[in-house]
Each structure stands twice: as C-alpha cells, then as structure tokens.
Amino acid sequence: MTNTWRQVLDGIDRHGRLAMVTIAAKRGSSPRDAGARMLVYPDATFTGTIGGGTLEWKAIAMAQAALANPNAPKAETRGFALGPELGQCCGGNVELVLELIERNRRDEIATLAEREASGNITTRGRLVSDQGVVREIVDPTLTPGAAAYTAGVLTEGFGDERRPVYLFGAGHVGRALVLALAPLPFRVTWIDPRPDAFPAYVPANVTTVQAEDPAEVLAKASDGTFVLAVTHSHPLDLAVVAVGLASTRFPYVGVIGSKTKRARFTRQLTEAGIARARVAEMVCPIGALAIHSKLPAVIAATTVVELLERDEALKAGEMPMMGRA
C-alpha cells in the first residue's frame, strides 16, 4: 500500500476512526509478506489487502468488532496458523497487528503523511493498549511496504516503492499501457509531442508531458527508470531508444516493433556509435513473443508482465537479459 498515511488521514477525516491491520511477521508460506496492510472503516468498507481468503475475512471481522467496541484496545496482536486454524493451503504462520486510529491522533498522522510524501521513511513503534502503536521516525532501514516485529517492537517502511516508467506515445498502445499500469507499482511519465494527444483524464500514477525532444525529457528521469517507445513515428521511436541506450542509467529500454524493425534499429544505432553490447540490450519487440495478437490491450498486458518481471529481478539484485534476437 503506497501513500499509507495519506490514506489514513483521509480515512479519519471521513469516518472519524478506522482500523489498520498489518502483517507484522510471518513464518513459512503466506499469501502476503510482512508489511502488507489494509484499512478497515466503520461502514465495513476497506482498502488494501493482506492476501485475501479466510485470513483477510477474519481480519476484517476482527477490525469491525474492535471498531464497534468502545473498550477495545487501541493496539493488539493476533497470530494465525494458516493451515490448522484457517484451512489455507499456504500452511505458514502470520502475526497481525490490529490498530485503532482515531481523530485525536490527526496531527501525528498528518506529520507522518507529510514525511512519507517527501520520501521513504522507517518508523519504530511500541504497541500500547490504550494509545495504539506509538511510533517514532528512525533512520531508513526498511524498504517501503516491509515490516518486522521483534520483542514487541514494530518496525515499518513507508513511502513510494513504484518503479518510474517513461512512456513515449499516446496512441492506442500507449493508452492501453497506461490503463494496464494504473493499479500496479509503477509511476508513469507519459510523453507525446502532439497537442491534444492525451485523454482528458489519466490514472493517478500518471503525469502527462507534451514534449518533442527525448534527450531533454530523459535527462530528467531518475536512475533505474524503464523507458518505453510506442510512438506514432518510427524516427521518434528510434530517437527515444537511442537516448535511452546511450545512457547506462536505464535498465530497460523497449520499443514496439517486429524482428525487421529490430534489425533496422540495431544497424542504425550501431552506426550512430552506441556500443553493440548496449544495443543488444534493446527490447524489441516488447511483450510476449509467443502471443501473436496485435490488439493494443494484449500488447499492453504482455508488456506489463515483462516490466513486472524486470522490476522484481532488479529489486532482488539480479540483472536479467534484456534484448531479444
């Protein structure tokens, strides 16, 4: 869950109170890792997930019962053996922290939301029955979305863990990609030189930029950005890929196309002086080669799987092969 404290702040402003359920620790197999969390509101709605299934159903029921009980503790833990207790095949054990957060903590929550918005943060907290989780911000040690629970101390990472993607092209495939990326852990900068190329509304994780010069745009991209070219123009696709490959800052540079387009681009990029090894890392065509449909939504779906695989490998410290023959 990204922007956790902003969501908590919005929740207590709307409802006055809410419950936050966090997987604080796990042993063995479980639907989600430590740090997964959900917010449960008094009207029985919720956001986020701790993995679905019986575990999540139990957690929602616990949260609703606590919200309805004025004497419920503000922070408590509950352990579940997923197999014996809940009949889930994962078979591991999870430790949940259930925290009630009320309007009287608004200033504290607002501070956390502000700090989270300015960058990744780590908090360390003690569970206090009549207060909740009493947190302090400490030097960052955990990635966003992670948590650890030891000897009654809950350490949590908050912030934006989304991979930046610079997507060039607002045509049919570009629009399909934006929709496919909307619910996923990516932050998209969407670029097109044409006026009025973008739709009136875009997903919350998308920023639109009207620009003609890929070099100028990509100069502003952070290290680790994924670069995708799906423009209306082959020369513009080539320019995007050339700028992306000329730098070693971008671990994924992909372009829509075919084997013929790849061969042509390979020759032109090499003639332009880009190292052959780097040119070989170009992903063209993007998406799954085994699926031949040219429907924009299908191209987008298979490309997004590719981006997710690359993102996960990089976060695990692996360096997967990029290019395709």
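Quick caveat, the model's predicted, so the values are computed rather than measured.
- At least one side-chain heavy atom of Ile137 sits less than 4.5 Å from a side-chain heavy atom of Arg115.
- At least one donor-acceptor pair under 3.5 Å links the side chain of Glu116 to the backbone N or O of Thr4.
- Between Ser258 and Pro285 there is no side-chain heavy-atom pair separated by less than 4.5 Å.
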Legend entry - Intermediate values then yes/no, salt bridge (Lys or Arg N to Asp or Glu O under 4.0 Å), Arg6 and Glu114: CA-CA 8 Å; Arg6 170 51 57 184; Glu114 182 179 354; over 6 Å; no

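- The shortest distance between side-chain heavy atoms of Thr225 and Arg249 does not fall below 4.5 Å.
- Rounding to the nearest 0.5 Å gives a distance of 9.5 Å between CZ of Arg135 and CD1 of Ile121.
- Taking 4.0 Å as the cut-off between side-chain N and carboxylate O, Glu108 and Arg105 count as a salt-bridged pair.
- Other residues, nucleotides and ligands contribute only 12 or fewer heavy atoms inside 6.0 Å of the CZ atom of Arg264.
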Inset, instruction - Apply the test salt bridge (Lys or Arg N to Asp or Glu O under 4.0 Å) to residues Glu271 and Arg267: give CA-CA distance (whole Å), side-chain angles for both, the deciding distance (0.1 Å), then the verdict. - result: CA-CA 6 Å; Glu271 290 174 352; Arg267 175 178 56 79; 3.7 Å; yes

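- Glu281 and Tyr252 share no side-chain donor-acceptor pair at under 3.5 Å.
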Legend entry - Verdict with supporting geometry, Arg14 and Asp10, side chain to side chain contact (heavy atoms under 4.5 Å, CB included): CA-CA 6 Å; Arg14 290 197 316 270; Asp10 291 345; 3.8 Å; yes

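- Other residues, nucleotides and ligands contribute at most 12 non-hydrogen atoms within 6.0 Å of the NZ atom of Lys220.
- The cluster map of Ile, Leu, Val, Met, Phe, Trp and Tyr, joined by side-chain heavy atoms under 4.5 Å apart, puts Val202 and Val304 in the same cluster.
- The number of heavy-atom neighbours closer than 6.0 Å to CG of Asp107, taken from other residues, nucleotides and ligands shown, is 12 or below.
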Donor-acceptor list for residues 61-76 side chains, cut-off 3.5 Å, not counting sequence neighbours:
residue : atom : partner : partner atom : Å
Asn69   : OD1  : Asn71   : N            : 2.9

Inset, instruction - Go through Glu102 and Ile12 one step at a time and tell me if the side chain to side chain contact (heavy atoms under 4.5 Å, CB included) criterion holds. - result: CA-CA 6 Å; Glu102 300 180 333; Ile12 59 176; over 6 Å; no

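- In this structure the side chain of Asn205 reaches within 4.5 angstrom of the side chain of Arg162, judged on heavy atoms.
- Going from atom OG of Ser247 over to atom CG of Asp223 covers 7.0 Å, rounded to the nearest 0.5 Å.
- Residues Leu228 and Tyr166 fail the side-chain proximity criterion, which asks for heavy atoms closer than 4.5 Å.
- No continuous path of hydrophobic side-chain contacts links Val134 to Leu100 [ILVMFWY only; heavy atoms under 4.5 Å].
- Its side chain within the 4.5 Å cluster rule, Leu154 clusters with Val97, Leu127, Val133, Tyr149 among the Ile, Leu, Val, Met, Phe, Trp and Tyr residues.
- Salt bridge absent: Glu56 and Arg32 never bring a charged side-chain N and a carboxylate O closer than 4.0 Å.
- Both Ile60 and Ile50 are members of a single hydrophobic cluster when ILVMFWY side chains are connected at heavy-atom separations under 4.5 Å.
- In this structure, Leu184 is a member of the same hydrophobic cluster as Ile286, with clusters built from ILVMFWY side-chain heavy atoms closer than 4.5 Å.
- Enclosure of atom NE2 in His15 by more than 12 non-hydrogen atoms of other residues, nucleotides or ligands within 6.0 angstrom is indicated.
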Please tabulate, for the side chains in residues 35-43, all donor-acceptor contacts under 3.5 angstrom to protein atoms that are two or more places apart in sequence or on a different chain.
residue : atom : partner : partner atom : Å
Arg37   : NH1  : Gly35   : O            : 3.4
Arg37   : NH2  : Glu156  : OE2          : 2.8
Tyr41   : OH   : Thr47   : OG1          : 3.4
Asp43   : OD1  : Thr45   : N            : 3.1
Asp43   : OD1  : Thr45   : OG1          : 2.6

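- The environment of CZ in Phe186 is crowded: more than 12 heavy-atom neighbours from other residues, nucleotides or ligands sit within 6.0 Å.
- One distance of note links CG of Asn93 with CZ of Phe80; it measures 11.0 Å at 0.5 Å rounding.
- Applying the side chain to side chain contact (heavy atoms under 4.5 Å, CB included) test between Leu167 and each of Leu177, Ile191, Val206, Val227 identifies Leu177 as the sole match.
- Residues Leu96 and Ile23 form a side-chain contact, since some pair of their non-hydrogen atoms from C-beta on lies under 4.5 Å apart.
- Surrounding CZ of Arg124 are at most 12 heavy atoms belonging to other residues, nucleotides or ligands under 6.0 Å away.
- Residue pairs satisfying the side-chain hydrogen bond (donor to acceptor under 3.5 Å, both in side chains) criterion with at least one member in residues 174-192, sequence neighbours excluded, are listed as follows: Asp160-Arg187, Asp192-Arg194.
- Within the 4.5 Å cutoff, the side chain of Trp5 has heavy atoms near those of the Phe158 side chain.
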Which pairs would a plain distance check flag for residues 208-215, meaning a side-chain donor or acceptor within less than 3.5 Å of a matching protein atom at least two apart in sequence or in another chain?
residue : atom : partner : partner atom : Å
Gln210  : NE2  : Pro193  : O            : 3.3
Asp213  : OD1  : Ala215  : N            : 3.0

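- The shortest distance between side-chain heavy atoms of Met20 and Ile101 falls below 4.5 Å.
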Less than 3.5 Å apart, which donor and acceptor atoms pair up between the side chains of residues 234-245 and the rest of the protein, not counting sequence neighbours?
residue : atom : partner : partner atom : Å
Asp237  : OD1  : Thr231  : N            : 3.0
Asp237  : OD1  : Thr231  : OG1          : 2.8
Asp237  : OD2  : Lys261  : NZ           : 2.8

